Amino acid sequence: MALQLGDVAPDFTAGSTKGIIDFHRWLDNSWGVLFSHPADFTPVCTTELGTVSRLQEEFSKRNVKTIALSVDNLESHLKWVVDINETQDTNVSFPIIADPEFKVANLYGMIHPNASDRFTVRSVFIIAPDKKIKLTLTYPASTGRNFEEILRVIDSLQLTSNYAVATPADWKNGEDVVISPSIVDEEIAAKFPKGYTKIKSYLRLTPQPNE
Ligand code: BEZ
């Protein structure tokens with residue numbers, strides 16, 4: 001069965017552009033973003049890795065480690081990184097897993113045979129410090145991902161794991177959030193001292209509590 005939200009992210013040991021990775025040990029107490037690519041030396045993947053590389057400071061600020069995967073071998077990855085750095089104005093510092101035997105790809109269900117049984121699709125897994133999967137995404141090979149959206153989800157996950165709130169459609173860090181339905185009106189003053197706006201009994205907005 002496919003991995004579900006709340007499952008423990010499967011542990012593995014694999015070679016990468018930064019040496020052997022023992023996945024859980026490598027994550028340590030960080031959040032993680034594990035994302036797969038169809039193949040090396042392909043145009044969309046090249047731009048995606050460049051984007052993630054340029055966003056490293058944003059991921060680090062949020063205590064997030066990023067790790068990519070494609071099913072090509074290490075020699076190929078190392079040559080490809082030279083191209084990525086040259087064309088994407090960056091210096092890729094995070095690991096790219098080499099998975100020529102599809103071990104990690106199969107463990108995480110990154111192969112979608114109706115799309116291609118030879119390539120991983122564009123999967124994303126966001127993993128919390130307790131190693132549980134908090135988000136899964138699957139994009140087709142022809143559509144590059146929006147990594148600002150991944151950062152936005154991480155902001156939401158980190159906020160909502162600490163406060164009884166949820167984040168509304170298109171929310172961005174710093175904007176008002178929704179008070180969890182489990183909180184009754186009488187509890188709000190103590191929990192959300194910045195106040196709240198009641199639009200409906202089930203739709204109550206409050207300023208972002210950690211800002
Ligand atoms: C790409 O990354 O550019 C790509 C990979 C596989 C199929 C189509 C595009």
Side-chain angles (χ1 to χ4, degrees), residues 1-53 55-56 59 63-84 92-147 149-151 153-154 157:
M1 193 166 86
L3 289 170
Q4 310 274 311
L5 301 189
D7 286 350
V8 172
D11 198 12
F12 59 83
T13 300
S16 85
T17 51
K18 298 292 174 188
I20 302 284
I21 300 279
D22 289 319
F23 189 50
H24 281 195
R25 191 131 59 96
W26 176 82
L27 282 168
D28 197 19
N29 289 319
S30 299
W31 290 70
V33 174
L34 168 64
F35 60 109
S36 60
H37 293 277
D40 293 3
F41 299 103
T42 48
V44 177
C45 301
T46 300
T47 61
E48 287 191 319
L49 284 167
T51 298
V52 173
S53 180
L55 286 172
Q56 278 308 293
F59 284 109
N63 187 30
V64 179
K65 291 180 177 173
T66 63
I67 185 162
L69 174 147
S70 100
V71 293
D72 290 310
N73 64 33
L74 186 55
E75 194 187 346
S76 165
H77 282 5
L78 290 169
K79 286 186 185 146
W80 186 31
V81 166
V82 175
D83 277 12
I84 297 165
V92 175
S93 59
F94 57 88
I96 306 174
I97 296 166
D99 193 31
E101 291 166 0
F102 295 69
K103 282 187 191 156
V104 182
N106 285 327
L107 203 54
Y108 277 78
M110 292 165 166
I111 305 288
H112 289 235
N114 294 338
S116 166
D117 56 7
R118 287 184 305 130
F119 298 133
T120 41
V121 293
R122 296 187 197 282
S123 301
V124 182
F125 296 86
I126 298 181
I127 299 158
D130 63 3
K131 312 289 184 284
K132 292 201 174 145
I133 295 172
K134 295 294 180 185
L135 167 138
T136 63
L137 261 186
T138 306
Y139 272 39
S142 51
T143 305
R145 287 157 288 194
N146 181 336
F147 289 94
E149 169 63 2
I150 303 298
L151 287 168
V153 175
I154 290 165
L157 287 167

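Positions are given from 1, in the same order as the sequence printed here. Below, all heavy atoms of this structure are taken into account, side chains as well, without hydrogens, waters or symmetry copies. Model, not experiment: these values are computed from the prediction.
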For Trp31 and Ala128, which heavy atoms make the closest approach, and how far apart are they?
-> CE3-CA, 3.7 Å
Looking only at heavy atoms, which two atoms of Ala14 and Ile97 are closest? And how far apart?
-> CB-CG2, 3.7 Å
Distance (rounded to the nearest 0.5 Å) between [X] [atom1] and [Y] [atom2]:
X	Y	atom1	atom2	value
Ile154	Glu149	CD1	CD	10.0 Å
Thr66	Phe94	OG1	CZ	4.5 Å
Ile21	Thr13	CD1	OG1	9.5 Å
Leu3	Lys132	CG	NZ	14.0 Å
Ile96	Leu69	CD1	CG	10.0 Å
Phe12	Asn106	CZ	CG	13.0 Å

Please tabulate, one pair per line, all N/O donor-acceptor pairs under 3.5 Å involving side-chain atoms of residues 33-45, not counting sequence neighbours.
from  : atom 1 : to     : atom 2 : distance (Å)
Ser36 : OG     : Val121 : O      : 2.6
Ser36 : OG     : Ser123 : N      : 3.0
His37 : ND1    : Glu48  : OE1    : 3.3
Asp40 : OD1    : Ser70  : OG     : 2.6
Asp40 : OD1    : His77  : ND1    : 3.2
Asp40 : OD2    : Ser76  : OG     : 2.6
Asp40 : OD2    : His77  : N      : 3.2
Asp40 : OD2    : His77  : ND1    : 2.6
Thr42 : OG1    : Ala39  : O      : 2.8

Run the side-chain contact (heavy atoms from CB on, under 4.5 Å) check on Thr136 and Val124 step by step: do they pass?
-> CA-CA 6 Å; Thr136 63; Val124 182; over 6 Å; no
Within a radius of less than 6.0 Å around CD of Gln4, do more than 12 heavy atoms belonging to other residues, nucleotides or ligands occur?
->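 For Gln4, atom CD is crowded (more than 12 foreign heavy atoms under 6.0 Å).
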Check: Leu157 main-chain N/O paired with Lys134 side-chain donor or acceptor under 3.5 Å |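 Side chain of Lys134 to backbone of Leu157, a donor-acceptor pair under 3.5 Å: no, none is there.
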Decide side-chain contact (heavy atoms from CB on, under 4.5 Å) for Val71 and Met110; before the verdict, give the C-alpha distance in whole Å, the side-chain angles of both, and the deciding distance to 0.1 Å.
-> CA-CA 10 Å; Val71 293; Met110 292 165 166; over 6 Å; no
For residues Ile150 and Val64, determine if any side-chain heavy atom of one lies less than 4.5 Å from a side-chain heavy atom of the other.
-> no
Are any of the side-chain heavy atoms of Thr46 and Asp83 separated by less than 4.5 Å?
->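 No, every pair of side-chain atoms sits at 4.5 Å or beyond.
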Give the intermediate values and the outcome of side-chain contact (heavy atoms from CB on, under 4.5 Å) for residues Phe23 and Lys131.
-> CA-CA 10 Å; Phe23 189 50; Lys131 312 289 184 284; over 6 Å; no
